[in-house]
Amino acid sequence: MSIVKKTRPSLKDGKKIEKHFLTTKISCPITSHHLISFNLFDKVSSRRKKQINDHKYNRDAHENLILIPSKDKVLAKRVACYYGLPWHSSGHTGKNIINHWSNTKTERLERKAANLKTEKNVDPFAPSNMQSKGNALTKEELQMYNKDIKKLKKTSGYHKVVASLFFTVLKKLKCNQTNVEYQGHLERLSLDICEYISYFELLLSNPGYDFSPNQVGCQEEHCNGRTHKTENEAWPSKEDVNFELKINQRLKLVSEI
């Protein structure tokens, strides 16, 4: 079976896809997914675009990408079903994405609170009480932020959820920050979104939750209760896939592969 490569030159992800565990083991079509939606960076104000460029942030950076089974229905959909992985099946604009995000709020907050108790999950770029006193936006930065909000409101589905998270981070982005601090705020957001996707709290399509462990799966002809027993004999074990693709339960960023 030929390998379907879903890649753009600007992403520089071709080698990562070629060497991906699912590509090499079962020729599963894999594609990159932007965690912070790439089109949100097109919607922000011109002043914000300049600020982002001045701080050398790249929306196509591997810290803002994950690799997941593509929208291919011949193999990728079945692989995503069997291994309990998100499936990149649409433009991410379904209405159920918003509803599911709202319905998982309590579970999401409880998980995040538990994670923050461990030192490794503390956001190094979150301002302390002392820092926040001197961290207010300037008048010009506030005007820029308000313009961004207006421009980003016209989104739907996944992009609407990410925009709501993006709003919070935009408040932290200041012209006088170092590149490391500026990029750090955005990279932390990407990591948070990666967790939300990995835990199936933030979906990529209306039926996205079906691919979560213990849900119904793809329900296609060969699904057989998500066992795919007529086709998975040559597939790697779920344990091996989890080891290669995840850190604990979170999908690896492309930068971590």
Side-chain angles (χ1 to χ4, degrees), residues 31-44 59 63-71 76-77 80-81 83-117 121 123 125-126 145 148-173 185-219 226 245-254:
T31 192
S32 287
H33 171 74
H34 284 82
L35 296 163
I36 306 175
S37 309
F38 70 88
N39 61 353
L40 296 185
F41 294 100
D42 292 331
K43 292 178 179 291
V44 295
R59 65 184 176 182
E63 289 78 9
N64 190 43
L65 299 173
I66 54 173
L67 295 177
I68 53 178
S70 77
K71 63 182 179 180
K77 185 177 184 180
C81 173
Y83 292 110
L85 298 171
W87 179 47
H88 201 269
S89 60
S90 72
H92 321 312
T93 56
K95 293 181 179 179
N96 190 51
I97 296 173
I98 300 291
N99 296 333
H100 183 77
W101 176 255
S102 298
N103 292 338
T104 59
K105 181 178 180 179
T106 300
E107 176 182 337
R108 190 168 64 247
L109 292 177
E110 289 177 350
R111 181 180 57 76
K112 292 295 288 184
N115 284 351
L116 286 174
K117 292 181 180 179
N121 286 308
D123 182 357
F125 299 100
Y145 173 77
D148 293 335
I149 295 298
K150 290 181 181 179
K151 289 176 173 290
L152 290 169
K153 281 185 176 180
K154 295 182 180 180
T155 52
S156 59
Y158 174 92
H159 311 295
K160 189 175 186 69
V161 174
V162 172
S164 70
L165 300 170
F166 198 31
F167 293 160
T168 302
V169 172
L170 288 177
K171 283 186 176 180
K172 301 178 181 179
L173 301 180
H185 287 304
L186 291 164
E187 289 172 3
R188 179 66 219 191
L189 174 58
S190 294
L191 192 61
D192 286 342
I193 294 170
C194 183
E195 288 185 358
Y196 298 142
I197 293 173
S198 301
Y199 284 87
F200 289 88
E201 296 160 347
L202 176 53
L203 307 179
L204 303 183
S205 64
N206 276 338
Y209 190 56
D210 292 347
F211 291 80
S212 175
N214 303 318
Q215 298 303 311
V216 296
C218 68
Q219 303 184 77
R226 301 192 71 167
L245 304 190
K246 297 180 179 182
I247 297 175
N248 295 324
Q249 295 186 55
R250 173 181 66 77
L251 289 165
K252 290 181 179 179
L253 305 172
V254 172

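Note: hydrogens, waters and symmetry copies are ignored here, and every other heavy atom, side chains too, is used. All values reported here derive from a predicted model rather than from experimental measurement.
In this structure, OG in S32 is found 4.5 Å from CG in L67, a value given to the nearest 0.5 Å. Taking CZ of F41 as the start and CG of L186 as the end, the distance is 5.5 Å to the nearest 0.5 Å. Atom CG in N99 sits 14.5 Å away from atom OH in Y209 (nearest 0.5 Å). The distance from the CD1 atom of I66 to the CD1 atom of I197 is 4.5 Å, given to the nearest 0.5 Å. Here CG of L189 is found 11.5 Å from SG of C194. Values are rounded to the nearest 0.5 Å. Atoms CD and CZ, from E63 and R188 in turn, are 13.5 Å apart once rounded to the nearest 0.5 Å.
The shortest non-hydrogen separation linking A80 to P86 is CB-O, 4.2 Å. The shortest heavy-atom contact between L170 and L152 is CD1-CD1, 3.8 Å. Across every non-hydrogen atom of I97 and G157, the tightest pair is CG2-C, 3.8 Å. Of all heavy-atom pairs spanning H100 and E201, the tightest one is CD2-O, 3.3 Å. Among all heavy-atom pairs drawn from L85 and L245, the shortest one is CD1-CD1, 4.0 Å. Between K112 and D192, the shortest heavy-atom distance links the atoms NZ-OD1, 2.8 Å.
Heavy-atom neighbours of K153 NZ from other residues, nucleotides or ligands within 6.0 Å: at or below the threshold of 12. No more than 12 heavy atoms of other residues, nucleotides or ligands lie within 6.0 Å of CG in N214, so this atom counts as exposed by the packing criterion.
Results of the side-chain contact (heavy atoms from CB on, under 4.5 Å) test with L35 over V254, L253, L65 single out L253 as the only residue that passes.
Without hydrogens or angle criteria, H159 side chain to G91 main chain gives a donor-acceptor distance under 3.5 Å. Listed for the R226 side chain is a donor-acceptor partner under 3.5 Å among the backbone atoms of C81. No side-chain donor-acceptor contact under 3.5 Å links N64 to the backbone of S190. Checking side-chain atoms of N206 against main-chain N and O of N96 turns up a donor-acceptor pair under 3.5 Å.
We find that K43 and D148 are not joined by a salt bridge, their nearest charged nitrogen and carboxylate oxygen being 4.0 Å or further apart. Here R59 pairs with D42 in a salt bridge; the nearest charged N to carboxylate O distance falls below 4.0 Å. Between R111 and E195 there is a salt bridge, since a side-chain N of the basic residue sits under 4.0 Å from a carboxylate O of the acidic one.
Looking only at side-chain heavy atoms (C-beta outward), H185 and L173 come within less than 4.5 Å of each other. Using a 4.5 Å heavy-atom cutoff, the side chains of Y196 and V161 are not in contact. In this structure, the side chains of S198 and Q249 stay at 4.5 Å or more apart for every pair of heavy atoms. Counting heavy atoms from C-beta on, the side chains of K71 and T31 never come closer than 4.5 Å.
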* To do: Walk me through it: do I98 and K160 pass the test side-chain contact (heavy atoms from CB on, under 4.5 Å)?
  => CA-CA 8 Å; I98 300 291; K160 189 175 186 69; 3.8 Å; yes
* To do: Please report the C-alpha distance between T104 and Y199 in whole Å, then the side-chain angles of each, then the deciding distance to 0.1 Å, and finally whether the side-chain contact (heavy atoms from CB on, under 4.5 Å) criterion is met.
  => CA-CA 10 Å; T104 59; Y199 284 87; over 6 Å; no
* **Step-by-step side-chain contact (heavy atoms from CB on, under 4.5 Å) determination, I36 to L165** => CA-CA 9 Å; I36 306 175; L165 300 170; over 6 Å; no
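Between W87 and F211, the angle of the ring planes lies from 30° to 60°, which puts this pair in the tilted group. Ring orientation note: the planes of H33 and H92 are nearly perpendicular, at an angle over 60° on the 30°/60° scale.
Looking only at atom types and distance, the side chain of S89 has a donor-acceptor partner in the side chain of S205 under 3.5 Å away.
Taking the six-membered ring where the residue is Trp, the centroids of W101 and Y158 are separated by 6.0 Å or more.
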